[in-house]
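Reviewing the structure listed below.
For clarity, every value in this text was computed on a predicted model and none was experimentally measured. Labels below follow one simple rule: chain letters A, B, ... track the order of the sequence lines, proteins then strands, and each chain is numbered from 1.
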Protein chains: 2
Amino acid sequence: MPIREQQRLDPVEREGIIAREAVSFFAEHGFEGQTRELAKRLQITQPLLYRYFPSKDALIERVYQEVFVGRWRPSWEKIITDRSVPLEARLIQFYREYAEVILTYEWIRLFMFAGLKNLGLNARYLKMLRERAFEKLVEEIRLEYGRPSIRDLPITVLEIEMVWGLHAAIFYLGVRKFIYSMPLETDVNSIIDAKVATFLSGIHTVLPAKETV
Amino acid sequence: MPIREQQRLDPVEREGIIAREAVSFFAEHGFEGQTRELAKRLQITQPLLYRYFPSKDALIERVYQEVFVGRWRPSWEKIITDRSVPLEARLIQFYREYAEVILTYEWIRLFMFAGLKNLGLNARYLKMLRERAFEKLVEEIRLEYGRPSIRDLPITVLEIEMVWGLHAAIFYLGVRKFIYSMPLETDVNSIIDAKVATFLSGIHTVLPAKETV
DNA sequence: ATTATTATTTATCGATTGATCAACAAAGAG
DNA sequence: CTCTTTGTTGATCAATCGATAAATAATAAT
């Protein structure tokens with residue numbers, strides 16, 4: 001008898017449920033996934049989606065917000081700049097926590113779907129990542145090695161490229177797992193630790209000269 | 001007057017033209033791109049596509065062949081194993097040539113579209129890459145450092161993971177450029193040279209012990 | 001208990017999409 | 001020049017998709 005009664009939910013709750021399921025749904029099928037199929041997964045009818053979101057694009061925009069904005073942790077910026085902790089430990093902690101968020105089925109696939117569709121979303125996100133993480137990170141490295149601040153001597157292409165390399169190594173783990181469907185045979189954290197170590201031992205070669213006066 | 005006469009081409013030629021344009025078209029729009037739009041780019045009518053390919057999926061399958069099978073160069077395997085050339089030079093030459101092929105708009109995007117759609121294509125391709133390149137590469141490194149052959153001592157997860165890291169760094173350049181639409185500020189070859197150097201200087205730490213009796 | 005509000009469903013529209021079939025036209029065979 | 005072959009097009013089908021409007025039913029208000 002109690003198979004399933006019709007649900008009549010509070011609008012805020014319903015909207016949240018739809019948004020959450022949309023994240024999972026579009027991550028799986030891409031943004032060309034059909035609203036009817038999404039509705040079926042939600043056990044509601046398709047027109048009801050349009051009661052809560054004016055269009056499919058609006059729903060997709062909400063998915064972006066939910067994942068790429070909503071999952072950013074401001075505490076990460078503090079981790080990087082907390083000079084009471086050794087630099088390597090800071091990097092490891094940051095990348096471990098960051099990896100925990102982006103190395104998920106939803107994050108990786110949605111980011112790639114968004115890129116292929118191309119609105120400026122990815123470039124915009126990565127610009128933010130550069131400002132909030134990459135640049136702070138290089139500044140800390142400069143300080144560690146007794147080099148001038150990035151305020152006095154702008155970040156070089158090579159420095160940023162080294163950071164990109166580290167970022168790529170981690171991100172690609174997610175690509176292998178969630179896009180290529182290849183099981184990872186290794187512990188992610190240990191890879192991160194190793195990559196951070198190699199990164200730090202290699203970066204001094206591209207740092208600007210010590211004396212610049 | 002000579003605006004455009006109706007073309008009546010030889011079937012083999014027409015099929016080739018369609019296949020080539022399909023590569024470009026699906027790389028841009030993904031596999032959900034419409035056959036009518038593809039036909040318009042070819043300046044033919046949409047039903048003509050079905051004279052040469054029984055279905056859209058068959059055309060897509062042809063695109064896979066064209067790009068992922070057709071662009072592989074057997075000479076790459078020779079480059080890696082040519083012991084008359086120093087190891088680092090071999091790696092640099094291989095990765096420069098390989099990058100020249102895969103770091104293109106069509107290759108990168110089609111590979112990603114295929115991954116997200118997921119047939120086993122990507123895993124299959126990467127399995128081939130592992131066998132034809134990665135494993136040979138590790139074997140050469142083992143030899144260079146006086147370690148046992150991979151026939152005697154199987155490749156370790158860490159060794160492969162190091163190669164993945166190098167691969168990721170290069171592949172990600174293409175992702176940034178062709179999926180995120182971010183202009184690369186650096187010369188690709190110089191990045192490859194640097195990555196290969198870092199790779200080689202780091203790999204000995206994960207190589208198996210010298211004495212294994 | 002009756003009414004008002006609104007969350008949800010049913011029915012449907014208009015546009016799009018992969019695919020099919022008969023008609024047309026360009027080239028070669030005789 | 002006529003006939004045959006076949007590359008190409010025009011017309012159209014059936015299914016699918018985002019979106020809209022009216023009908024229904026659950027909850028709150030009086």
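- With dA26(C), dA19(D), dT9(C) as the choices, the nucleotide that has an atom nearest any side-chain atom of Leu48(A) turns out to be dT9(C).
- Atom CG in Leu38(A) sits roughly 13 Å away from atom C1' in dG18(D) (whole-Å rounding).
- Atom pair Ile44(A):CD1 and dT8(C):C1' shows a separation of 9 Å (rounding to whole Å applied).
- Comparing Asp10(B) and Gln46(B), the nucleotide of DNA chain D nearest to each residue sits closer to the 5' end for Asp10(B).
- As rounded to whole Å, 17 Å separates atom P of dC21(C) from atom CG of Leu49(B).
- Atom P of nucleotide dA19(C) and atom CD of Glu37(B) are separated by 17 Å, given to the nearest angstrom.
- Between Thr35(A) and dG18(D) there is a side-chain polar atom (N or O) within less than 4.0 angstrom of OP1 or OP2.
- Taking a 6.0 Å sphere around CD of Glu131(A), one finds it holds more than 12 heavy atoms contributed by other residues, nucleotides or ligands.
- The Leu9(B) side chain lies nearest to dT8(D) when the options are dT8(C), dT20(C), dT8(D).
- As rounded to whole Å, 9 Å separates atom P of dT8(C) from atom CD1 of Ile17(A).
- Listed by chain and number, the residues in a ring pair (Phe, Tyr, Trp, His ring centres under 6.0 Å) with Phe26(A) are Phe31(A) (sequence neighbours excluded).
- A heavy-atom distance below 4.0 Å to DNA chain C is reached by these residues of residues 52-64 of chain A, ordered by number: Tyr52(A).
- Asp193(A) pairs by the side-chain hydrogen bond (donor to acceptor under 3.5 Å, both in side chains) definition with Arg96(A), not counting sequence neighbours.
- Every residue two or more places apart in sequence or in another chain was checked for a side-chain hydrogen bond (donor to acceptor under 3.5 Å, both in side chains) with Ser190(A), and none qualifies.
- The residue Pro47(A) sits close to a base: some heavy atom pair falls under 4.0 Å.
- Atom pair Arg8(B):CZ and dG7(D):C1' shows a separation of 4 Å (rounding to whole Å applied).
- The OH atom of Tyr50(B) sits 19 Å away from the P atom of dG7(D) (whole-angstrom rounding).
- In this model, the phosphate group of dT8(D) is approached by a side-chain N or O of Arg14(B) to a distance below 4.0 Å at OP1 or OP2.
- By the side-chain hydrogen bond (donor to acceptor under 3.5 Å, both in side chains) test, Arg73(B) pairs with no residue at all, sequence neighbours left out.
- Listed by chain and number, the residues in a side-chain hydrogen bond (donor to acceptor under 3.5 Å, both in side chains) with Tyr105(A) are Arg109(A) (sequence neighbours excluded).
- Arg51(B) comes within 4.0 angstrom of a base, heavy atoms only.
- Spacing between atom CD of Glu15(B) and atom P of dG7(D) amounts to 11 Å, rounded to whole angstrom units.
- Relative orientation of the Trp76(B) and Trp72(B) rings is perpendicular, given thresholds of 30° and 60° on the angle between their planes.
- When heavy atoms are screened at a 4.0 angstrom cut-off, Arg36(A) is found touching base atoms of the nucleic acid.
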